[in-house]
Amino acid sequence: MTEVEIVKKRVASLREQINYHNHRYHVLDSPEISDAEYDALLLELKKLEESHPDLISPDSPTQRVGAEPLSAFGTVVHPRPLLSLANAFCDEDIDAWYKRISGLVPGQAIDFVCELKIDGLAVALTYDNRSLVTGATRGNGYQGENITQNLRTIKSIPLSVPAGAPAKFEVRGEAYLPKKGLARLNEERSAEGLPLFANPRNAAAGSVRQLDPRITARRPLDIFIYALGWAEGMQMPSTHRETMQYLKSLGFKINPHMAHCQDLEEVKACYHGWAGRREELPYDIDGVVIKVNSIALQEELGFVGHDPRWAIAYKFPAVQGTTRLLDIGINVGRTGSLNPYAILEPVNIGGVTIERAALHNEDDIHRKDIRIGDWVLVQRAGEVIPEIVGPVVSRRTGVEKVFLMPGTCPVCHAEVIRAEGEAMHRCANTACPAQALESIIHFASKGAMDIEGVGEKLCRSLFEKGLIKDSGDLYSLTRDSLLELDRMGERSAANVLASLEKSKQRSLPNLIFALGIPNIGEETASILAQRYNSIDALSNAGLEELLGIPSIGPKVSDGILAFLRQPQNTDTIEKLRKAGVNMQSDEAVRRDLPFSGVDFVITGKLAASGRQELEAKIRALGGKPGSDVTKKTNYLIVGTDPGAKLARAQSLGIKVLDENEFLEMLKDAEAMLK
Ligand code: IVH
């Protein structure tokens, strides 16, 4: 075999392994290897493709997020229209539906399949010659938008299907955001002052219809396939259930809660069962879809208008309830915004007790004419924060009070201002303790520095005890200072310190997001990190330059400049730098530093320096300290009494340095930086 043939073979084998493990993880939810092992396979493939670009193919697992942002979506004509479903809202509607269809196929036994009605967005995926070629929205049923590059980023969508699949076919399904993903997305949007997604459908549609696929790739979208649209050159299975089994065997993600029901009683029991258990699911459903199982019967029943007669959506009732609005509380956010929220008499809505609801701002409260003491209609849409639809005016007694924003901050009592054109009131005091505490909580949270074990409660206790004043102080915490807290034991303290240490290696986008610059969410943070390779480069950016970045407008740029000029923020950044928090993008680390791409292992006892200290220096110079000698190790540094690692390094032909040689090398490398 020539070298190229060997590489080709390895690339094919890696792709097969990656696709297999991707399917186990994202479709079957039952991984066989660790994330690190998976990442290693993907990295190997990426490197081979980098050195042999001619081997890259669009269905390679490295090519999920490949394309450049679009300026607009193209149109896709659906060869067979994507239909909608008629709705049913009660058992009587189902009885009437059954009566209609059984009258059309008299004497024939009908069995049904009940599926969850996933609350997301309908999409169609077309495969040609085993590869995914088009992904489209439903649109008006006859033509939709071409969102192929966004759907490719959903890991549970196979980019290729096994040999033996039909030459050309289309599957249909629902793209959705799981509850947790949706809640997180809304939290971020709220922090960025963006309008929240009112329901899971809007969130899925908003995510899938991004012109930049890198943004879609960061949204935790998933999919369930629920139909085979059409297929060329294949004998169609005779039932819907078999069709779903077949699609599963091709690698598609099928919802596991599909029930085969022999009669209407079983169908109704299935619906009522899910109506009471829907909260247990990790994604939102808005009903149960009932389908006639036999394809022959489906064809016989046909359509009426846009709806098939052979299927119906049995919808859940809206999750609404009424209760009293006891008071309106104010939360001071990390940017100083005064966020009003409703304090409600606890009420059970769809199995969940609601005590708080979002009230976006003063204007919103007045527009809906919500008064303290009112009976109000409260609505829950999936995992979205409950909201108040409006007051029940007929139940007013005359004692209800109109709400007014306070003139002073409820936390620090400084003046409250509302800038022209802004909906939010803000506390004018940049040193407001509420802002400082919220900023620290945000800094440590998931998506930001993700410091495990450092949640809202711990931040609050540390802050109230005066142990931390800003996020930079987190890294000065010691075992002793942590033990001052109530209910903090040795073990928890050690865990907190370990998570803090780990968080120092978070990526630049994480850090930019964590700093809490107004209007900078995870997405903008990533865009900034791509443009600027370090916090220093970002701090030196000018207004014109920032405005030149697509998707960054004057409000965001002004926010960045003002934030990075404020002494208290530059102080925090300096504290983070001193603590050794990573302030550069991986690319900058890889490209610009003397040890970039170089792997070191240290073994044996060192005379002049501590091992951790040396490892920190290696990292600071762009290198990677590791503990195992592998083929990838570039240097083994040996102290006295080296163990088996020395022999292994020698057998692999790895360069061995003694401590002094290494210190010399360090000196040279450090000199290069000056
Ligand atoms: S079947 C002709 N099955 O509900 C049958 N639809 O109101 C086409 N949906 O546009 C649809 N889960 O977006 C079907 N298990 C499921 C579904 C489902 C969610 C959505 C789909 C469709 C809408 C119909």
Side-chain angles (χ1 to χ4, degrees), residues 78-89 93-94 97 101 112-125 135-145 147 151 154 156-157 170-179 199-209 221-230 236 239-241 243-245 247-248 252-261 267 270-271 274-275 278 281-295 297-316 318 381-382:
H78 300 304
R80 282 182 68 176
L82 269 76
L83 301 154
S84 53
L85 291 174
N87 290 326
F89 296 99
D93 289 350
I94 295 297
W97 171 68
I101 62 169
F112 303 93
V113 173
C114 288
E115 289 173 3
L116 302 183
K117 187 168 186 308
I118 313 294
D119 198 358
L121 184 79
V123 298
L125 306 170
T137 62
R138 172 172 181 270
N140 61 11
Y142 297 92
Q143 43 181 272
E145 282 174 317
I147 51 164
L151 292 178
I154 301 181
S156 49
I157 294 182
E170 181 211 75
V171 293
R172 296 170 178 183
E174 197 83 351
Y176 68 95
L177 271 170
K179 286 178 183 174
N199 55 52
R201 202 202 107 78
N202 290 358
S207 301
V208 136
R209 295 187 67 261
L221 283 159
D222 209 333
I223 194 163
F224 284 121
I225 298 299
Y226 54 62
L228 176 60
W230 48 265
M236 286 286 198
T239 63
H240 179 66
R241 258 162 60 89
T243 310
M244 290 296 103
Q245 279 309 323
L247 294 182
K248 190 173 172 186
F252 292 101
K253 186 163 177 174
I254 311 297
N255 189 280
H257 303 293
M258 187 190 289
H260 187 193
C261 299
V267 164
C270 176
Y271 167 86
W274 281 114
R278 56 196 282 207
L281 293 166
Y283 42 84
D284 287 296
I285 58 172
D286 56 351
V288 166
V289 180
I290 307 161
K291 300 177 179 173
V292 168
N293 190 25
S294 151
I295 306 287
L297 276 182
Q298 286 187 4
E299 279 166 7
E300 214 174 319
L301 287 166
F303 301 87
V304 47
H306 289 303
D307 304 333
R309 284 201 190 86
W310 48 265
I312 194 159
Y314 193 175
K315 301 280 281 276
F316 294 135

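This is a predicted model, so every value here is computed, not measured. All ligand and atom numbering here is 1-based and tracks the order in the structure.
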Rounding to 0.5 Å, atoms CG (N202) and CG (D119) come to a distance of 9.0 Å
### Task
Hey, can you tell me if F224 and Y176 have their rings parallel, tilted or perpendicular (30° and 60° cut-offs)?
parallel
Write 'none' if nothing qualifies; otherwise put on separate lines each N/O atom of ligand 1 with a protein N/O atom under 3.5 Å away and their distance to 0.1 Å.
{"residue": "ligand 1", "atom": "3 (N)", "partner": "K291", "partner atom": "NZ", "Å": "3.1"}
{"residue": "ligand 1", "atom": "4 (O)", "partner": "K117", "partner atom": "NZ", "Å": "3.1"}
{"residue": "ligand 1", "atom": "12 (N)", "partner": "I118", "partner atom": "N", "Å": "3.1"}
{"residue": "ligand 1", "atom": "13 (O)", "partner": "E174", "partner atom": "OE1", "Å": "2.4"}
{"residue": "ligand 1", "atom": "13 (O)", "partner": "E174", "partner atom": "OE2", "Å": "3.4"}
{"residue": "ligand 1", "atom": "13 (O)", "partner": "Y226", "partner atom": "OH", "Å": "3.4"}
{"residue": "ligand 1", "atom": "15 (N)", "partner": "E115", "partner atom": "OE1", "Å": "2.8"}
{"residue": "ligand 1", "atom": "15 (N)", "partner": "L116", "partner atom": "O", "Å": "3.2"}

Side-chain donor-acceptor contact under 3.5 Å, Q298 with H240:
no
d(S84 OG, R138 CZ) to nearest 0.5 Å is 5.0 Å
Worksheet entry | Parallel, tilted or perpendicular, as decided by the 30° and 60° cut-offs, for the rings of Y271 and Y314 | parallel
dist Y226:OH -> M244:CE (nearest 0.5 Å) comes out at 10.0 Å
